[in-house]
Every structure is written in structure tokens, then in C-alpha cells.
Amino acid sequence: MGSNDVHIDRRHLSENKVTIRDVALRAGVSIATVSRVMTNSPGVGESTRARVLDVIHELNYYPDIKGRMLASNSTRNIGLVIPHTSHFIMKDPFFAEVLRGVQDAINARGYRMVLATASAEIEEDLEYIKMARDGSVDGIIVLCNKVNDIYLPELKAMNFPFVSIGRAFGPIDIAFVDIDNIQSSYNAVKYLIDMGHRRIAHIAGILETTAGIERLEGYKRALVDNGLPYDESYVVEGKFTQESGYLAASRLLENPKKLPTAIFAYNDSMAIGAMRAIREKGMAIPDDISIVGFNDDPEVSYSEPPLTTVRQPIYRLGKLATEMLIEIIERDGPKQRQVILPTEIVERSSVRRLGGGEG
């Protein structure tokens, strides 16, 4: 498909005022390129300039005040889209730390943040496209990618500046900042195996998200690579919260003849919930069951016992994603389009080394 063959929703053009984004989409260029043409700035080839001017004439585009602000890159707003409720976000330490990183990077570059949350957990939400079309932001940061997300490909087709915190599921090539979820989970389970555990359960994240799927995959690979069977009954899906971790662990502990000796949880919140369920069953941590979390939330070093976990650089995820997006907005592209940050296991007191016959 050539650059002039990009599909434009004619219904949108007829019902709404044509925007600079429509011009960019039809011309097959970035919004920044359209801006340079409109302001007669250098850095645009003559053939590209002529094509953009033809599209402007064809679509009868006349920028209003908001459009002129966008054309000069002066909205200075960056959208942050998190497909969870605001109530959930404020309770989850992961999102609080990401927000801190995003806000620090935005403040340092003179931008403002526009936060968009969902009205229900992991629902289909049009905030990506609303923000991109209404001219309220110069670019978007997207968190917590869902499997088969239909909006990321649409943003990419629109040539709209965006960066994802977390990789997209599937072949779509986008700018992102992430960790290696598969390898990080593999390392956590391998750590438990090295500590003598053989019956290792997993409280999984939501399996409609890329990270949830990848961490489950890392768990499976670690077992298989070390000669241990994968048992589906040792995997229970949670919903990221302490309550869901509590319920998941309660299910794992229902059969006294098939108790795990260790649990690897998708995140620290679910690990904390699981610890409560273990104690309510009259068992001790780590004497009866060991547990490993993921994130290294601030409170887990004060849990009882302090939680062994996988530390990921959450603040840096938010900060680097924002810096990358601003690079795209201001210079038509970042120096590095895809960044994988390292993780590490933080050993505390929630894991016990087993003897030869206990695992």
C-alpha cells in the first residue's frame, strides 16, 4: 500500500471539521511534517511539500486556533492513557511510580500531562483515538497493553506520536519501553528451583494483557527447562489486586494433598494478598510456603516477613517513555525506538531453602 492509499474514514470527515491529523494521514506523513509545510519551514522535500499542499487543498483544510497551536507544536500536552479506573490506579504502587516518572520528565521539558483512565477495568476504551483526533495532545503514552488491542495499530496508521510502556502483543512494530517479562519471570522461578522447590504455583496476572501472558510463559519455561512438569492446577489467574491474590492463593491451598511449597506471584500486591491467605490457613511463611513477588513496591520490605521480589525500574519506565515521546514529537523520531530495561531479584525473608526431600 502506497502512502497515498491510506484509508480515511469519510464519515469522520463529513461529521467533524478536518484536522491536521487527517491531512497527515492522507498524505502519508507525520503531523510534524504537515506543520513544517504549513509554516513554510525547512527540512521537507519538494515532492513531499507538494503532496501535502495538494491534500490540504483537497480536504479544504483551514486550521482553527487549536489547529494552529498543534501545527506549531504548542499544545504542550501529553496524554497518558491507563485502561484502569482511577480508583484502581491510585491504590496500585506500580502506577503511582510510573506517574511519578512521567510527570518528572514532562515538567523538565515544559509539557503538561492529560491523564485518561477507563470507566471500567480493562474495557474497550476509545481514549487513544479521542485524544489523537481532537487535537488536545501532541502525543500519547499508553500503559498496560491488552491482547488484540485495536487502537495501537490505528494510532500507528495515523502517524500519531505515541510510545507504549510495555510491548504490543503480536507483530506490530511500535516505539516502547519495557522489561523482559519472560526472562524476569524465568529467573524468579529458577531462583525458587535453586532453593530446592519443586511444587511451585503461579498467581498469574490478567491473561488478556501482554505482561500477564509473558510472565506465565517465563514460569512455564523455567519449569520445563529444569525437568519439572507444568501443572495447570498450580496456575490461578488474578486481577493485579491484593484481594485477587488472596482469593487465588486460597484456591491453591484448597487441596491439602497437593500444596505447593512456593508461590510466584505476578506482582507484589497479589503476593501480599496471598501471604494473608497462607497465614489464615494456619501456615507460616516461609517455613511452610515460600513466596516471590514482582515489582519491589515500597511496602514489601516492611511486610511480615519482608518479601523476596523481582525489582523492575518502574520510575525509569515512565521517565524514559516520556523522553522518547518528546523526542518523537520534537524531532520526528527518538534516538532509540525500543528499550528493554534490566530487572533483578531482591532476596529478603519470604523464601526458605528446602532440603533434599521437601520440595
Side-chain angles (χ1 to χ4, degrees), residues 181-209 211-297 300 303-310 343 345-355 357-359:
N181 280 294
I182 294 177
Q183 187 62 52
S184 297
S185 296
Y186 185 104
N187 293 344
V189 178
K190 180 63 163 60
Y191 168 77
L192 288 169
I193 294 171
D194 290 344
M195 293 292 281
H197 295 274
R198 299 294 179 266
R199 300 193 306 275
I200 303 169
H202 178 42
I203 300 178
I206 295 174
L207 296 178
E208 294 178 0
T209 63
I213 292 172
E214 290 181 340
R215 292 185 197 177
L216 175 59
E217 179 63 24
Y219 164 81
K220 290 180 181 179
R221 290 186 188 181
L223 295 177
V224 173
D225 286 356
N226 289 275
L228 301 177
Y230 169 66
D231 186 341
E232 287 187 354
S233 68
Y234 273 162
V235 177
V236 181
E237 183 177 356
K239 295 183 178 179
F240 303 146
T241 63
Q242 288 190 26
E243 180 184 11
S244 71
Y246 172 86
L247 294 174
S250 298
R251 284 182 55 188
L252 290 169
L253 303 177
E254 285 176 346
N255 184 353
K257 295 182 179 180
K258 200 177 180 182
L259 292 177
T261 64
I263 295 174
F264 166 54
Y266 171 91
N267 67 8
D268 289 341
S269 292
M270 290 197 288
I272 294 297
M275 292 169 79
R276 177 183 167 189
I278 292 168
R279 285 192 291 267
E280 287 187 1
K281 288 287 186 179
M283 291 180 281
I285 306 164
D287 293 345
D288 297 310
I289 297 181
S290 296
I291 188 161
V292 173
F294 203 109
N295 282 348
D296 196 28
D297 295 337
V300 299
S303 62
E304 185 53 49
L307 181 66
T308 295
T309 188
V310 177
T343 62
I345 294 176
V346 180
E347 295 186 69
R348 296 193 178 100
S349 307
S350 65
V351 175
R352 171 180 171 237
R353 182 179 293 276
L354 297 185
E358 296 181 84

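Just so you know, these numbers come straight off a predicted model, no measurement behind them.
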Checklist entry - So which heavy atom on Val310 is nearest to which on Ala188, and how close? => result CG2-CB, 3.7 Å
Checklist entry - Ignoring hydrogens and geometry, is there a side-chain-to-backbone donor-acceptor pair from Thr309 to Gly293 under 3.5 Å? => result yes
Checklist entry - Atom CD in Glu304, atom CZ in Arg279: separation rounded to 0.5 Å? => result 7.5 Å
Item to check | More than 12 heavy atoms from other groups under 6.0 Å of CD on Glu243 | outcome: no
Next on the checklist: If I take atom OH from residue Tyr186 and atom CZ from residue Arg221, how far apart are they, to the nearest 0.5 angstrom?
Outcome noted: 9.5 Å
Checklist entry - Where do Phe264 and His202 come nearest, in terms of heavy atoms and distance? => result O-ND1, 2.8 Å
Checklist entry - Is there a side-chain contact between Met283 and Leu259, using heavy atoms and a 4.5 Å cut-off? => result yes
Next on the checklist: Give me the atom names and distance for the closest heavy-atom approach of Ala277 to Ala249.
Outcome noted: CB-CB, 3.8 Å
Checklist entry - Can a cation-pi geometry be assigned to Arg215 and Tyr266, taking NZ or CZ under 6.0 Å from the six-membered ring centre and within 45° of the ring axis? => result yes
Checklist entry - Just by distance, do the side chain of Ser303 and the backbone of Val300 share a donor-acceptor pair under 3.5 Å? => result yes
Checklist entry - Counting distance only, does the side-chain N/O of Asp231 pair as donor-acceptor with the main-chain N or O of Ser233 below 3.5 Å? => result yes
Checklist entry - side-chain contact (heavy atoms from CB on, under 4.5 Å) between Val351 and Val292: does it pass, once the steps are laid out? => result CA-CA 7 Å; Val351 175; Val292 173; 3.6 Å; yes
Item to check | Verdict with reasoning, Leu252 to Ile203, per side-chain contact (heavy atoms from CB on, under 4.5 Å) | outcome: CA-CA 9 Å; Leu252 290 169; Ile203 300 178; 4.0 Å; yes
Checklist entry - Short question: side chain of Arg199, backbone of Pro260 - any donor-acceptor pair under 3.5 Å? => result no
Checklist entry - Can you check whether Arg348 reaches Pro305 side chain to side chain, under 4.5 Å on heavy atoms? => result no
Checklist outcome for this item: dist Ser185:OG -> Lys220:NZ (nearest 0.5 Å) comes out at 12.5 Å
Item to check | Heavy-atom check, side chain of Leu223 versus side chain of Val189, under 4.5 Å | outcome: yes
Checklist entry - With a 4.0 Å cut-off, would you call Asp288 and Lys281 a salt bridge? => result no
Checklist entry - Is a side-chain donor or acceptor of Arg198 paired with a backbone partner of Ile193 at a separation under 3.5 angstrom? => result yes
Checklist outcome for this item: One should read off an interatomic distance between Ile213 CD1 and Ile182 CD1, to the nearest 0.5 angstrom, of 10.0 Å
Next on the checklist: With a 3.5 Å distance limit and no angle check, can you tell me whether Asp268 reaches the backbone of Phe294 through a side-chain donor-acceptor pair?
Outcome noted: yes
Checklist outcome for this item: Taking every heavy atom of Ser290 against every heavy atom of Arg352, the minimum-distance pair comes out as OG-N, 2.8 Å
Item to check | Side chains of Met195 and Leu354 in contact at under 4.5 Å (non-hydrogen atoms) | outcome: no
Item to check | Lys239, NZ: over 12 other non-hydrogen atoms inside 6.0 angstrom | outcome: no
Checklist outcome for this item: Value for CD (Glu214) from OG (Ser184), rounded to nearest 0.5 Å, stands at 10.0 Å
Next on the checklist: Under a plain distance cut-off of 3.5 Å, with no hydrogens placed, do Ser269 and Asn267 share a side-chain donor-acceptor pair?
Outcome noted: no
Next on the checklist: side-chain contact (heavy atoms from CB on, under 4.5 Å), that's the test. Do Phe240 and Thr209 meet it? Break it down for me.
Outcome noted: CA-CA 11 Å; Phe240 303 146; Thr209 63; 4.3 Å; yes
Checklist outcome for this item: Heavy atoms of Gly212 and Leu207 approach each other most closely as O-CD2, 3.5 Å
Item to check | Main-chain N/O of Glu347 paired with Tyr191 side-chain donor or acceptor, under 3.5 Å | outcome: no
Checklist entry - Closest approach of His197 and Leu228, non-hydrogen atoms and distance? => result O-CD1, 4.3 Å
Checklist entry - Considering only heavy atoms from C-beta outward, does the side chain of Met275 approach that of Ile272 to under 4.5 Å? => result yes
Next on the checklist: Tell me if a side-chain donor or acceptor on Ser350 pairs with a main-chain N or O of Ile291 at a distance below 3.5 Å.
Outcome noted: yes
Item to check | Residue pair Arg251, Leu247: steps toward the side-chain contact (heavy atoms from CB on, under 4.5 Å) verdict | outcome: CA-CA 6 Å; Arg251 284 182 55 188; Leu247 294 174; over 6 Å; no
Checklist outcome for this item: CD1 (Ile345) and OG1 (Thr308) are apart, to the nearest 0.5 Å, by 9.0 Å
